[in-house]
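The next block holds one structure in the form of structure tokens; read it before the comments.
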Amino acid sequence: MEPGRRGRRLSRFELVSMLAESLGTEKALQAVTAGTAKLGLSTADFDREEALRLLDHLAAEAGLVGIVARFAKARVILAVK
């Protein structure tokens with residue numbers, strides 16, 4: 001997570017990595033790609049609000065994706081201020 005002019009941003013790689021720890025890289029990448037497309041977000045990097053919006057969207061999914069997204073959201077809240 002790198003600081004920038006508009007605050008700290010998370011790269012797509014960082015978000016995928018947070019999810020991939022439990023979902024595997026392929027499923028995590030698929031979830032992030034589908035979520036960014038559905039929400040109309042950039043696919044490169046995310047500010048805090050965009051990352052939380054994406055993770056909220058993924059957290060609404062049933063099963064493991066939703067569970068893992070809720071834990072990732074907590075990590076983002078604590079890490080990106």
Side-chain angles (χ1 to χ4, degrees):
M1 295 171 225
E2 298 179 20
R5 289 186 324 195
R6 294 179 285 167
R8 298 175 72 155
R9 297 187 66 82
L10 291 117
S11 70
R12 176 186 177 103
F13 174 78
E14 287 174 291
L15 279 182
V16 169
S17 294
M18 284 182 191
L19 300 172
E21 293 173 13
S22 297
L23 298 177
T25 304
E26 186 176 331
K27 182 69 175 172
L29 182 57
Q30 178 185 11
V32 169
T33 300
T36 55
K38 174 118 178 140
L39 298 172
L41 298 173
S42 163
T43 59
D45 65 351
F46 309 90
D47 63 25
R48 183 179 193 269
E49 289 73 29
E50 291 170 332
L52 292 176
R53 191 169 145 216
L54 174 59
L55 292 170
D56 276 337
H57 173 74
L58 296 177
E61 290 190 25
L64 191 57
V65 171
I67 294 167
V68 172
R70 287 189 287 278
F71 280 102
K73 180 181 173 186
R75 290 174 63 188
V76 169
I77 289 170
L78 293 173
V80 182
K81 297 180 181 183

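None of the values given here were measured: they were computed from a predicted structure.
Glu49 CD to Leu41 CG: the interatomic distance, rounded to the nearest 0.5 Å, is 11.5 Å. Between atom CG of residue Asp56 and atom CZ of residue Arg70 there is a gap of 10.5 Å, rounded to the nearest 0.5 Å. Annotation: the span from Leu54 atom CG to Ser42 atom OG amounts to 11.0 Å, rounded to 0.5 Å.
Met18 and Ile67 sit in two unconnected hydrophobic clusters of ILVMFWY residues. Membership requires side-chain heavy atoms under 4.5 Å apart, directly or through other members. Leu29 and Phe71 fall into different hydrophobic clusters, defined by Ile, Leu, Val, Met, Phe, Trp and Tyr side-chain heavy atoms under 4.5 Å apart, directly or through other members. Under the 4.5 Å side-chain heavy-atom criterion for grouping Ile, Leu, Val, Met, Phe, Trp and Tyr, Leu39 is connected to Val68 within one hydrophobic cluster.
Ion pairing of Glu21 with Arg75 is present here, as a side-chain N (NZ or NE/NH1/NH2) and a carboxylate O approach within less than 4.0 Å.
A side-chain donor from one of Thr33 and Arg12 sits under 3.5 Å from a side-chain acceptor of the other.
The two residues Leu58 and Ala31 make their nearest non-hydrogen contact at CD2-O, 3.5 Å. In plain terms, the two heavy atoms of Leu10 and Glu14 that are nearest each other are CA-OE1, 3.3 Å. Between Ser11 and Asp45, the closest heavy-atom pair is CA-CB, 3.9 Å. Of all heavy-atom pairs spanning Ala59 and Ala69, the tightest one is N-CB, 3.5 Å. The minimum heavy-atom distance between Ala28 and Ala20, with the atom names listed, is CB-N, 3.6 Å.
Contact of the Ile77 side chain with the Arg48 side chain is registered, since non-hydrogen atoms from C-beta on lie closer than 4.5 Å. Counting heavy atoms from C-beta on, the side chains of Leu15 and Leu19 never come closer than 4.5 Å.
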